[in-house]
Every structure is written in C-alpha cells, then in structure tokens.
Novice: 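Here it is, the structure in full.
Protein chains get the first letters and strands the later ones, always in sequence-line order, with residue 1 at the start of each.
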Amino acid sequence: MESVQTIIKTLLKNPTQIKSKSQAKQIHAHIVKSFPIFTTTLLSIYSKLNLLPESLLLFNTLPSPPILAWKSIIKCYSSTACFSESLNCFVKMRALGIYPDHNVFPSVLKSCTHLMYFKFGESVHACIIRVGLEFDIFTGNALLSMYSKLQRSSALQVFDESPERMTSDQNESILVSNNNNNKQLDLQMQSVRKVFETMEDRDVVSYNTLILGYAQSNMYNEAMLMIKDMGNANLKPDAFTLSNLLPIVAKHMDVWKGKEIHGYGVRHGFDQNEFITTGLSDMYANCNMVQDSYHLFSSLPKKDIVSWCSIISKHVQNGLFDEGLNLFRQMLTSNIKPVPISISSITPACAHLTTLPLGQQLHGYIIRNHFDKNIFISSSLVHMYAKCGNIKLAKKIFYQMNHHDLVSWTSMIMGCALHGHVHDSITLFEQMETELIRPNSVAFLAVLTACSHGGMVNEGLKFYEKMVKDYKLIPEFEHYACVVDLLGRAGELEAAFGFIKSLRENKRGGLWLPLLAACRVHKNVELGEKIEGYLWNFDDDEEKGAYVLLSNMYFDVGRYEDAGKVRGMMGKKMNGKEPGCSWIGIGNKVHAFISGDGFHSDYDGVIEALDILLQHMEKEGYVADKTCI
DNA sequence: GTAGGGTTAG
C-alpha cells in the first residue's frame with residue numbers, strides 16, 4: 001500500500017490528477033488527520049470538482065484563510081450557482097486587505113452577471129484596473145461577457161423598472177418603440193465591441209462571447225462578419241462558435257447558412273455535440289423542415305431533457321400537435337422526468353386541438369407534480385381552457401396566479417375576446433397598463449379583436465391610435481385587418497375603404513378581403529365592385545376567397561348574371577376552393593366533417609338529427625337564407 | 001479562472 005507521504009507528494013506535484021469524488025475524499029481523510037497544513041490544497045481540489053459542502057467544511061476550519069483558500073471558495077460558490085455567497089466572500093476577502101489575483105476575477109464577474117449587478121460589476125472592473133489585471137485574457141473575457149449580458153438586459157428591461165425607481169427619462173422611454181429597442185441594443189453592442197477592441201490579447205472565447213452578444217441582440221450581419229475576423233486572427237470556429245450562431249440563423253430562417261454550419265460541424269467532428277445537434281435541429285424546424293429536425297434528434301445517442309423539450313416544442317410550433325403529444329408520451333416512457341419547460345411546450349398542443357379532456361388530463365398531471373405555480377404553465381393553461389371553451393376555469397386560473405406578466409395578461413384578454421366578454425378584455429388591458437406592463441403588438445391585437453367582435457368601433461380605434469402614437473408600435477397585417485373588420489362590421493364601409501387606401505400599397509394586400517366580406521353583409525355592391533379592381537395583387541388563397549364573396553354578393557342582390565360570370569372566372573382560375581371542415585370531440589374521439597363528404601360512420605344518423613333540429617328551428621320562426629343557393 | 005442548447009399569448 002502506498003504511504004500517505006507518497007500520496008501527498010504526488011498530490012503536490014499534480015493536484016489535477018484527482019478527478020473523482022471518492023479519490024478526493026480518501027485523500028481528505030488521510031491528510032486532515034495527519035497534515036492539517038494541506039487543507040488548502042485539498043480545498044482547491046474540492047473546489048475544482050465543484051464539491052461545495054466539502055469545500056466549505058475545509059474552508060471553515062481555517063482561522064485565517066490564505067489567498068488560495070479564498071479563491072477556491074469564491075470559485076466553488078460561483079460554479080454551483082451560489083452567486084451572492086461568492087460575492088460576499090469576495091467582499092470579505094477585500095475587507096481583510098487580501099489582494100485578489102487573476103484567478104479570482106472571472107468567478108466574481110460571473111456572479112455579478114448572473115445576479116445582474118451592473119454597478120457592482122463596474123466597481124469590480126475598477127478594482128481589476130487598480131491591481132493591473134485588465135489585460136489578463138480570462139479576466140478580459142469575463143468582463144466582455146458581463147458587459148454583453150448586463151448591457152443588453154438593461155437595454156431591454158427599461159420598462160420593467162418599478163414606478164418609484166423610475167426617473168423622468170425612463171418614463172419617457174416607456175414610449176420608445178420596438179425599433180428603438182433594436183437601436184438601443186445596437187448601441188450597447190457598440191460599447192461591448194469597444195471592450196473587445198481594447199483587449200490586448202483575444203482568443204476563441206473572446207470571439208465566441210462577442211458573437212453570442214451579436215446573436216442575442218439580433219445583429220445577424222455583425223455576428224457573421226465575426227467569423228471572417230476570426231479567420232483573419234488565425235482562429236478557427238469551435239463547437240461554441242457554431243452553437244452560438246445557430247439560434248440567430250434559425251431566427252432568420254437562413255437554411256443555406258444553417259447547412260453550411262452543419263457541414264462545417266460534420267467535417268470538424270462536432271456532429272456528436274449535443275449543443276450543436278439541438279441547435280441544428282431547432283434551425284431546421286424553424287425553417288419548416290421538421291423531418292430533418294427529427295432526423296437529427298433521432299441521431300442523438302443520448303437524449304437529455306433539453307433535446308426532448310426542443311423537439312416537442314418544434315413539432316407543436318409547426319402545427320404538428322398529435323406528433324408533439326406522441327413525442328411527449330415517448331419522453332415519459334423513456335424515463336425522462338418532465339421539467340416545467342416540457343409542460344409549457346406541450347400545453348399549446350391541447351389548446352390548438354381543442355380537446356378539453358386531454359387538456360384536463362394534462363392539468364391533473366401539472367397539479368400532481370406541483371408545476372402549477374410556474375408562470376409559463378399557468379399562462380398556457382389560461383389559453384388552453386379559453387380555447388377549449390371553459391372561460392370560467394381560464395379566469396379562475398388567471399386570478400389564482402401570484403403575478404402576471406405580459407403573456408399571461410394577453411392570454412386572458414384574448415380568451416375573453418374569443419368568448420365575447422368584451423368589457424372584461426378592455427378592463428384587463430387597462431389594468432395591465434396601470435400595473436406598468438408595457439403592451440406589445442400581440443396584446444394590442446387581443447384588445448382590438450375584442451373591440452371588433454363586440455362592435456365597439458370608437459374604443460377599437462382609440463386602442464389602435466394608442467398603439468401607434470403612444471407606444472410607437474408598428475402595426476402588422478393582423479392589426480390592420482382588425483381595424484378593417486371593426487369598421488366593416490359596424491357598416492362604416494367608406495371609412496374602412498379610406499383606411500386601407502391610407503396605407504402603403506404593399507401593405508394593403510389581403511385587407512380587401514375582410515372589407516369585401518363586410519360589403520356583402522351590408523349589401524354595398526358598388527364598393528364591392530370598386531374593390532374588385534384591386535384583386536390583381538391577391539395571392540391564390542385570397543383570390544379564391546374574394547371570388548366566392550363577390551359571387552355571393554351578386555346573388556344576394558339578385559344580379560345572377562354577374563354572379564355567374566364570377567363563378568365562371570373562378571372555375572378557370574382555380575381548382576376550386578378548399579372545402580370547409582369542422583369537428584367535435586366526444587369522449588376520447590374526434591369526429592370530423594368535411595363539407596359535402598358524407599364519410600362519417602353514422603352519416604345517416606347525423607342527417608336525421610339535423611332534420612329534427614331544423615324542424616324545431618322552423619317551429620320557432622327560423623327562415624333559411626337561400627339567396628346565394 | 002471565461003463562452004453554448006429547450007418554454008407561455010397572435
């Protein structure tokens with residue numbers, strides 16, 4: 001058996017040789033007993049292995065810890081996510097007059113970053129300059145990472161400040177638009193770039209950190225240009241570079257660049273790297289290539305919770321709800337324990353499928369596994385119940401939440417809009433504003449939908465104006481369509497026409513369609529014909545819809561010849577409109593009906609039931625509108 | 001001693 005002395009000699013020569021917990025513990029027992037002086041060395045080993053309790057046990061036996069002990073405990077705290085404790089130790093160490101060295105600052109800066117302590121981080125930077133370590137590459141990289149993350153979050157979170165802390169400047173910035181947010185990010189990244197430029201020495205990590213900053217600030221071109229700069233500096237992209245780039249490539253749906261990265265990854269042996277594989281899988285799914293995405297996922301030898309969450313959410317986001325649910329079941333049978341993120345990825349599938357029993361089953365699972373306090377999950381449940389028809393339960397879940405964010409407010413506002421609870425939608429929107437949650441374009445869409453469904457023209461127009469003028473948000477097609485619908489339903493057809501004409505030509509596209517529908521309802525053929533002149537810039541689906549509307553409108557007013565002409569044009573131009581489909585869930589089965597198919601197993605029974613219903617309706621005075629038959 | 005993957009509302 002080796003003597004204790006031999007073990008310690010080896011240990012002193014090369015402490016990094018010890019790589020397992022049991023090895024370290026064995027040596028611990030020997031040394032603490034016989035050689036208390038080696039406590040610090042052992043502490044550094046525990047710290048490297050991220051064994052916090054063991055490190056603390058040793059640290060607390062030291063009456064006046066030397067610098068190595070401080071360094072070890074600060075590092076161990078920061079790498080086990082105990083960031084406040086890590087900074088507390090740093091402060092204590094400084095108070096004792098111990099000078100930090102180059103090993104200390106990366107951990108301290110990492111803690112500042114995670115705690116979002118910008119001011120403290122700046123004072124640490126000052127300290128780094130005072131002790132002359134600003135050109136240490138590890139410290140420099142950590143500084144770069146800190147400024148990149150904290151400055152970006154300060155650029156994005158101006159609006160989350162509490163009112164009493166808000167200066168008049170920040171109040172002004174409540175009115176700053178999304179676009180200005182981008183400009184802010186641009187400016188912040190310029191200052192991060194300056195930190196990068198002033199570094200004396202740069203390595204792959206420095207480049208990767210800056211690339212990540214650009215990618216997360218949505219600065220696509222800058223991120224890509226960095227790859228060239230890397231090459232000029234004789235540095236090769238590594239696995240981090242690729243996985244930092246993939247999310248922004250995915251966002252920009254640049255599948256060619258994505259494939260280039262994929263090829264580079266394969267050539268350089270990164271195809272087993274789970275970060276890259278998940279990134280690639282995400283990228284393909286974002287580019288509507290779910291098959292390729294699934295293929296990559298399948299190729300992973302070991303699928304962890306993140307890769308499962310990713311593949312499930314991507315199927316759901318691509319409208320493959322059943323497939324998403326199946327993958328979720330597969331994950332459960334593979335003995336992967338779901339985390340909150342996996343639940344919030346799958347709940348929207350139940351919402352879209354509008355199958356309440358499935359949603360309820362999932363809700364039961366959520367309660368049993370104590371996931372019901374998570375804001376993402378609660379928001380998706382609010383949405384699911386509203387979509388599946390149970391607005392009462394949606395409201396109950398919403399009001400039981402501890403705190404509401406933009407998404408949970410929007411889910412509730414939209415839920416009320418769908419159920420015709422228009423006044424609730426408006427009140428909720430105003431409450432959200434008084435709680436200083438800044439509405440975005442989705443929230444405005446929700447409240448505009450409510451106004452349009454409820455025929456509240458003036459309120460709707462006020463919200464639209466508020467969105468554009470006060471919040472400086474750029475309206476999207478859906479917002480325009482809502483305004484047209486709002487005016488159209490209320491019979492203000494000329495106003496709706498004027499509204500569309502006031503927009504730039506390339507924005508008008510599909511907006512004629514809701515107006516045409518309104519013209520039909522209000523039997524305004526004259527305006528309908530005027531709109532016909534604009535049909536040339538419609539896409540195929542819009543054109544089909546428009547022709548159906550036009551011909552029905554002619555029928556309504558008895559102009560059968562014109563209606564026939566339009567029908568004739570339709571026949572020539574297209575293979576017919578896609579038939580309507582409706583479905584109903586009974587028990588665990590979904591029964592689907594496609595217009596005119598007669599395929600349902602109990603078709604005769606359904607028709608019989610419809611006849612009975614019709615008889616009842618006619619008894620109560622219903623007369624069918626047969627004008628367009 | 002520094003850097004990387006998954007979630008909710010349209």
Side-chain angles (χ1 to χ4, degrees), chain A residues 47-48 71-72 74-76 78-79 100-110 113 133 136-146 148-149 203-213 215-216 238-247 250 273-283 285 300 304-314 316-317 338-348 351 371 374-384 386-387 405-415 417-418 439-446 448-449 476-479 481-482:
Chain A
S47 159
K48 273 191 192 110
K71 276 195 304 204
S72 302
I74 290 171
K75 184 259 156 190
C76 200
S78 108
S79 48
D101 69 7
H102 62 103
N103 297 91
V104 179
F105 289 113
S107 307
V108 173
L109 292 168
K110 181 182 173 178
T113 311
L133 280 169
D136 171 63
I137 192 153
F138 281 86
T139 306
N141 286 342
L143 273 171
L144 201 59
S145 172
M146 181 188 79
S148 168
K149 287 212 177 96
D203 63 2
V204 182
V205 178
S206 334
Y207 279 87
N208 287 347
T209 308
L210 197 60
I211 289 172
L212 182 69
Q216 294 182 336
D238 65 0
F240 279 86
T241 323
L242 305 191
S243 66
N244 288 351
L245 277 175
L246 281 169
N273 179 305
E274 55 202 327
F275 284 85
I276 294 179
T277 310
T278 310
L280 282 170
S281 169
D282 264 10
M283 183 275 297
L300 276 171
D304 64 2
I305 184 72
V306 177
S307 39
W308 275 106
C309 287
S310 161
I311 199 68
I312 292 169
S313 64
K314 290 300 159 187
V316 175
Q317 284 161 14
V339 290
I341 294 182
S342 23
I343 305 293
S344 45
S345 317
I346 199 62
T347 323
F371 286 135
N374 179 289
I375 192 163
F376 283 70
I377 294 175
S378 306
S379 305
S380 64
L381 280 176
V382 167
H383 174 227
M384 190 270 291
K387 203 85 187 259
D405 66 359
L406 176 62
V407 176
S408 46
W409 281 106
T410 308
S411 305
M412 196 66 256
I413 295 168
M414 190 51 108
L418 290 176
N440 66 359
S441 64
V442 186
F444 270 105
L445 190 60
L448 284 172
T449 306
E476 291 153 36
F477 171 77
E478 287 81 1
H479 300 95
C482 240

Novice: Over all strands shown, is A/N273 touching base, sugar-phosphate only, or nothing at heavy-atom distances under 4.0 angstrom?
Specialist: base

Novice: Answer with base, sugar-phosphate or nothing: what part of the nucleic acid does A/K110 contact at a heavy-atom distance below 4.0 Å?
Specialist: sugar-phosphate

Novice: Is A/P348 touching bases, backbone alone, or none of the nucleic acid, heavy atoms closer than 4.0 Å?
Specialist: sugar-phosphate

Novice: Rounded to the nearest 0.5 Å, what separation is found between the OG atom of A/S344 and the CD1 atom of A/I312?
Specialist: 10.5 Å

Novice: Would you mind classifying the nucleic acid contact of A/A443 as base, sugar-phosphate or nothing, using non-hydrogen atoms under 4.0 angstrom?
Specialist: nothing

Novice: Could you check A/N244 against A/T241 for side chain to side chain donor-acceptor pair (under 3.5 Å), going step by step and ending with a plain yes or no?
Specialist: CA-CA 5 Å; A/N244 288 351; A/T241 323; over 6 Å; no

Novice: Classify the nucleic acid contact of A/D238 as base, sugar-phosphate or nothing, counting any heavy atom under 4.0 Å across all strands shown.
Specialist: base

Novice: Mind running side-chain contact (heavy atoms from CB on, under 4.5 Å) on A/S345 and A/V316 for me, showing each step along the way?
Specialist: CA-CA 7 Å; A/S345 317; A/V316 175; 5.9 Å; no

Novice: At under 4.0 Å between heavy atoms, what does A/D282 touch on the DNA or RNA strands: base, sugar-phosphate, or nothing?
Specialist: sugar-phosphate

Novice: Under the side-chain hydrogen bond (donor to acceptor under 3.5 Å, both in side chains) test against A/S310, which residue among A/D282, A/D304, A/T277 passes?
Specialist: A/D282

Novice: With a 4.0 Å cut-off on heavy atoms, is A/V104 in touch with a base, just the backbone sugar-phosphate, or nothing at all?
Specialist: nothing

Novice: What are the two closest non-hydrogen atoms of A/P100 and A/L133, and how far apart are they?
Specialist: O-CD1, 4.3 Å

Novice: Does A/I137 reach a base, just sugar-phosphate, or nothing at all? Heavy atoms under 4.0 Å.
Specialist: nothing

Novice: Using a heavy-atom cut-off of under 4.0 Å over every strand shown, decide if A/S411 touches base, sugar-phosphate, or nothing.
Specialist: sugar-phosphate

Novice: With A/K75, which residues qualify under salt bridge (charged side-chain N to carboxylate O under 4.0 Å, His left out), at least two apart?
Specialist: none

Novice: Which part of the nucleic acid, if any, lies within contact of A/N244, taking any heavy atom under 4.0 Å across all strands shown: a base, the sugar-phosphate backbone alone, or nothing?
Specialist: sugar-phosphate

Novice: If you walk 5' to 3' along DNA chain B, what is the first nucleotide with an atom under 4.0 Å of a heavy atom in chain A, and what is the last?
Specialist: B/dG1 to B/dG10

